Amino acid sequence: MSVQKADVVIVGGGLMGSATAFFLRRRGQSVILLERDQIGQYASGVNFGNVRRQGRFLGQLALANRSWELWKRLPELIDDDLEFIPSGHMRVCYREDEVAELEAYAAAPEAAQLDLKIYRGAELHRRFGFLGPDVKGGSYAPHDGHANPRLAAPAFARAAIRLGAQIEERTEVAEVQKVGADFHVTTTDGRQFQAAQLLITAGAWGQKLSAQFGEPVPLDTHGPQMAVTEPVPYALPTVIGVYTKIPEEVIYFRQIPRGNIVIGGGYRSKPDMLNRRAYVEPRSIINQINQMRRLLPGVGNLNIIRVWSGIEGYLPDSLPVMGPSGTVDGLFYAFGFCGHGFQLGPGVGDVMAELLGTGSTSTPIESFSITRFALPAEQRSQAS
Amino acid sequence: MATARVVIVGAGPAGVRCAETLLAAGIKPILIDENRRDGGQIYRRQPQGFTRDYTTLYGSEAAKARDLHESFDRLRGAIDYRPDTLVWNLTPGQLCCASQGRHSTVDYDALILCTGATDRLMPIEGWQLAGTYSLGGAQIALKNQAVSIGHRVVFMGSGPLLYLVASQYVKAGAEVAAVLDTSPLSLRLKALPKLLARPGLLFTGIKLLAQLYRARVAVHLGIKPLQVMGDAANGVGGVRFTAGNGRTVTVQADAVALGYHLRPETQLGDLAGCTMAFDQASSQWWLATDDAGRTSVKGVYAAGDGSKIRGADAAEHAGRLVALALLEDLQQPVDAGLRDEQQQALAVMDQFRLGLAQAFPWPSEQAKALPDSAIVCRCEMISAGELRRTVNEKGACEVNRAKAFSRVGMGRCQGRYCSQAGAEVIAAEAGVPVQEVGRQRGQAPVKPLSMLTEEVSS
């Protein structure tokens, strides 16, 4: 069987892989993307759909800002509508000391572009009259918003294909080897692919591949818990999320113009990694119903019509693995986005394409380097 | 395991006979039912205070209805009966229930799904107009509340329910404008050998037809539905169709009832991880079970139309048989004679079922002919054209993928009423047999869950 060659082989067709394939093609690089199942199936297609910058690790805002610039250009950029609405994002809290934390975040120089405004007391309840009386304050981000995650990765993949990328769905990688200057990728159906650069964007499965190159990371998997109500007249354009340190209080919602209210947060489930299925825990939905009534008392009149989950990769410091390998030339990673990768997607694609194409990027991503998990040299040699 | 916690979901013919058989063997099941009263859909009991007699309510099936209700009334005090309770989700060994705004869980060692069936629908241009009902919905309005869906009603579709409901409307004094059957007479004649497996039932069917002719109801066979006419302000105004002779005919009406036989309510089995099988004869997916009702998941059983569409009589036999299978699995003594009796009866009904499928086929070709402007998903108001574009432009040749892109099946009904037709539209557009485009995965909640639901300790 003939070997297929390209400048870059990408393993994993979520939003990160699809967006990188798209931006690589815009830079004229040839690219083959291998996806074991379907594009955007596990985390990229099932998340809440937050296009939110506020609340992120401050060192990630430069990347988030770069991504936001791309979100704004999206319909033209990829010739597809991801239902992105920059309708504002409100981060609310139930305690005064938390309001102070929101204020400190808003005052940080890194957050300047977000134009955050703190609301509290009567002003808050005048501006957001639908919020429950427990809400003490909030941070309003006028430029953040939301989009439809089901459409995002497939749309980037189609745009990449239109620009000449080769995307292979239902193609599972069996083995990856570095032979001389090239990576040799063999799939379970016996096909072979070769490239001088390899990008791992395999989400919750990313560490399986990084470990093969002597770079294991302590990645954990979780199933997000999502629910949606029946449609009601469109009245809540602002995305609302609760800022709290109590896990069961974490709840966020957005209403789409069609009228349904999408809800996420609370307990997470443990995905079945063998069968690649994640389930919604019933207690999680009951908790969401309780928390939603506290946050948005009027919601009690509605029904939940559907719930879903997915498979997301998490790292202990809640930061992704993104950037070049610490051990192997030509190897790059972008996975483990800890449940907050959706907004970053276009930016990650743009940055990774820049990094692969030029060897560096103008956006700071050092904090996300895989080398932060590197074992000391003597342990590494024992492991391999 | 004499103390096995056995839960039956559904108090229709299958569930009641199952509970009765288990109780006779000394097992006291929990019987959970979504309805306020027992009987299921077919033998639905009228609300308290209504006084119509059995013949008025159930016609030719009055004796069976009375027998099932009386059986249940004898059982009721001896089992743990929980009416008005929706099982909205499950995890291995535990059901999630909602009843009158309260949530609770019920643990089980064995689960018997007797969840019944709902109407099987094929879209038609204009079917989103107010005044369009399913055949089953039209029947329930009459059976439960003695209400007709309109002043002048058209019944359209195919299958035994078409004639049953139309004749019930005639008998109740409603004006039936026409009965329009997509199946031609020739198919019925071809199916006769199989239908003769149950001559009594065949005769009942012929009598229903005779009643309609006697009442001078226009009955057309071999028609092609074209459009439910009307407008958003006034709802249904009539029905347009191509008659068997090729002519276009219009019938004035203010309500129309549609349906093509039934589809099983498989969501709980699906959520439990039970394997599904594609039934070639009826061209739809249902729970894969052995002859006695064991699903692929240990401890989960299914009986009645919720597992395999064979009708109410078969459901009673399947309910008894599945109880015996469970007893056998619990190493309890089983009455072999009773088991053989159920199996023999079911073999005859299987034969009849194949005859019905041949005589009144699911009109998959209609999906292909559906104009782009016709609505496929009424909850989300998605047209056939939009669905076809997800196949052509976005490459979604699998139903869950097409759902993610188009929203067909994402609404209040969770695909109950559109997913089969949606699959046909996708298959026709992709040029593959319908079983190759898959089936919509079940997602909780099985029915909408009120956000006023409060947790109670179980």
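Hydrogens, waters and symmetry mates play no part in the numbers below; they use all other heavy atoms, side chains included. Below, chain A is the first sequence line, B the second, and so on; all start at residue 1. Computed from a prediction, not measured in an experiment: that's the story for all the values here.
In plain terms, the two heavy atoms of A:L151 and B:A404 that are nearest each other are CD2-O, 4.1 Å. Nearest heavy atom pair, residue A:P154 against residue B:R401, reads CG-NH2, 3.6 Å. Nearest approach of A:P282 to B:N89, heavy atoms of both residues: CG-ND2, 3.7 Å. Shown here for A:I289 and B:S450, the closest heavy-atom pair between the two residues is CD1-O, 3.9 Å.
A distance of 6.0 Å separates CD in B:E455 from CD1 in A:I286, rounded to the nearest 0.5 Å. With rounding to the nearest 0.5 angstrom, the CG atom of A:N303 is 8.5 Å from the CG atom of B:L452.
Checked against side chain to side chain contact (heavy atoms under 4.5 Å, CB included), A:F22 has the following partners two or more places apart in sequence or in another chain: A:R26, A:L77, A:I78, A:F156, A:A159, A:A160, A:L163.
With a 4.5 angstrom heavy-atom cutoff, A:R283 does not touch chain B via any of its atoms. Both the backbone and the side chain of A:L302 come within contact range of chain B, with heavy atoms under 4.5 Å apart. Using a 4.5 Å cut-off between heavy atoms, B:T91 touches chain A through its side chain atoms alone.
Contact of the A:I285 side chain with the B:W88 side chain is registered, since non-hydrogen atoms from C-beta on lie closer than 4.5 Å. A heavy-atom distance below 4.5 Å is found between the side chains of A:N148 and B:R407. Proximity of A:R293 to B:E454: side-chain heavy atoms (C-beta onward) are separated by under 4.5 Å at one or more points.
For the set B:E380, B:K447, B:E398, the count of heavy-atom pairs under 4.5 angstrom toward chain A peaks at B:E380. Per-residue counts of heavy-atom pairs under 4.5 Å with chain B were compared for A:V299, A:V280, A:N260, A:N301; the largest is that of A:V299. Of the listed residues A:E230, A:R158, A:Q288, A:R277, the one with more heavy-atom pairs under 4.5 angstrom with chain B than any other is A:R158.
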Step-by-step side-chain contact (heavy atoms from CB on, under 4.5 Å) determination, B:M451 to A:I263: CA-CA 12 Å; B:M451 291 186 77; A:I263 300 163; 3.8 Å; yes
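Counting non-hydrogen atoms of neighbouring residues, nucleotides and ligands closer than 6.0 angstrom, the CZ atom of B:R102 reaches no more than 12 such neighbours. Atom CZ of A:R276 sits in a crowded spot, with more than 12 heavy atoms from other residues, nucleotides or ligands closer than 6.0 Å.
Of all residues in residues 422-441 of chain B, those placing a non-hydrogen atom less than 4.5 angstrom from a non-hydrogen atom of chain A are B:R441.
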